[in-house]
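Report on the structure given below.
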Amino acid sequence: MDEILSLRRLSSLTYRSVPSDRPRTRLYGGEVAAQAMLAARATVPPGRELNSMTASFLRAGDTAVPVDYRVGVARDGGVFSARTVEASQGERPILLLTASFQAEERGLRHQVAAPDVPAPERLLPVERALAGEPALVAWISEVMQRLRVEVRFPDAGLHREGVRVGEPVLRVWIRARGPVGDGEGRRDAALVYLSDLLLLTAALEPHPHRIEDGDVWFATIGHSVVMHAPWCADDWLLYEGRSDWAGAGRCLVAGRLFDRAGRLCASTSQEGLLRVASPQGDGVPSTR
């Protein structure tokens, strides 16, 4: 994870991702958003940390091509700093990000309660918990290996169970594999990276479709993160996603990230494309 969150400084407002030897595939959106946030953070005054960000995904990225991040200085106020970032590969913009950074302040405090679910240590690893669903195990295992993450499911989310349909809610424990690195910026970037994982799949829960079937196609259109509290970057986070709406080939999911102590660390919102191949075999669209 540490190398994923590393950038090369080209100028005071321009950064580039570090080349890797990963197989060529579609670039994970959470990686681009996390790197864009880090590029923005590198330009703000000391003592200001991420309080919110919104990313608009324009095109799919390519893991074989470096990503350039061009930062725009929108404002530096007494407490807040605002930045814009354009991420591009060659002449192709793939993401636009706006981010706000805040100096430490005190204020009124409250939060919602965390879901009452078993701790991750009490849950079986995916390959054992889903032993009767080899296609799902294969899909999740590939995602965990490629993105260098680990997941465990505290309830029936993502399980097929015939043609089970349920509430539009998905809960999953997630954590990064490997060290994240030191500093609050790396911690926040790791949370942004993880926050793009599996969130849209909550929109499938009320429907007799599962992501491993091959007839479902997701793509993130916009992703927002609001930070609330620091967390231990090497520990588990409980991610709860709830989809209030799907239609017109799109879906909307709101998420909450809790640490193991039940502290709300961040809230998220994600709009995505959600397309399913028709029974006539028209196929799932591969472009936006």
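Atoms considered below: every heavy atom in the structure, side chains included; atoms not considered: hydrogens, waters and symmetry mates. In this text the structure is predicted, and so the values were computed from the model without any measurement.
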Any donor-acceptor pair under 3.5 Å linking the side chain of [X] with the backbone of [Y]?
X      : Y      : result
Arg59  : Pro93  : yes
Arg242 : Ala254 : no
Thr14  : Leu10  : no
Arg263 : Pro230 : yes
Ser100 : Asn51  : no
Gln111 : Leu264 : yes
Gln270 : Val253 : no
Trp236 : Glu150 : no

Going by atom types only, do [X] and [Y] share a side-chain donor-acceptor pair under 3.5 Å?
X      : Y      : answer
Arg48  : Ser81  : yes
Ser195 : His223 : yes
Asp68  : Ser88  : no
Thr43  : Arg83  : yes

Under 6.0 Å from the [atom1] atom of [X], do we count more than 12 heavy atoms belonging to anything else shown?
X      : atom1 : value
Glu121 : CD    : yes
Glu142 : CD    : yes
Arg256 : CZ    : no

Criterion side-chain contact (heavy atoms from CB on, under 4.5 Å) on Gln89 and Leu27, from CA distance to verdict: CA-CA 11 Å; Gln89 292 184 313; Leu27 190 57; 4.1 Å; yes

Can you tell whether the side chains of [X] and [Y] come within less than 4.0 Å, N to carboxylate O?
X      : Y      : value
Arg260 : Asp235 : yes
Asp234 : Arg177 : no
Arg26  : Asp62  : no
Arg187 : Glu49  : no

Atom pair [atom1] ([X]) and [atom2] ([Y]), whose distance is rounded to the nearest 0.5 Å:
X      : Y      : atom1 : atom2 : result
Leu200 : Thr220 : CG    : OG1   : 4.5 Å
Arg275 : Cys251 : CZ    : SG    : 11.5 Å
Leu96  : Arg70  : CG    : CZ    : 11.5 Å
Leu170 : Leu204 : CG    : CG    : 9.5 Å
Leu199 : Leu257 : CG    : CG    : 8.5 Å

Heavy-atom nearest pair, Asp188 first then Met227, reads OD1-CE, 3.3 Å

Checking side-chain hydrogen bond (donor to acceptor under 3.5 Å, both in side chains) for the pair Tyr69/Gln35: CA distance, chi angles, key distance, verdict? CA-CA 8 Å; Tyr69 298 93; Gln35 291 179 349; 2.6 Å; yes

Contact between Val192 and Leu50 at the side-chain level, heavy atoms closer than 4.5 Å - yes or no? yes

Between Met53 and Ser224, is there a side-chain heavy-atom distance shorter than 4.5 Å? no

Give the intermediate values and the outcome of side-chain hydrogen bond (donor to acceptor under 3.5 Å, both in side chains) for residues Tyr28 and Thr63. CA-CA 8 Å; Tyr28 171 53; Thr63 56; over 6 Å; no

Check against side-chain contact (heavy atoms from CB on, under 4.5 Å), Ile4 and Tyr193: CA-CA 10 Å; Ile4 292 175; Tyr193 181 94; 3.7 Å; yes

Go through it in stages, so that I can follow the logic: the residues are Ile174 and Val149, the test is side-chain contact (heavy atoms from CB on, under 4.5 Å), and I'd like the CA-CA distance, side-chain angles, deciding distance and then a yes or no. CA-CA 7 Å; Ile174 57 176; Val149 299; over 6 Å; no

Evaluate Trp173 against Leu237 for side-chain contact (heavy atoms from CB on, under 4.5 Å), listing each step before the verdict. CA-CA 6 Å; Trp173 286 103; Leu237 286 169; 5.7 Å; no

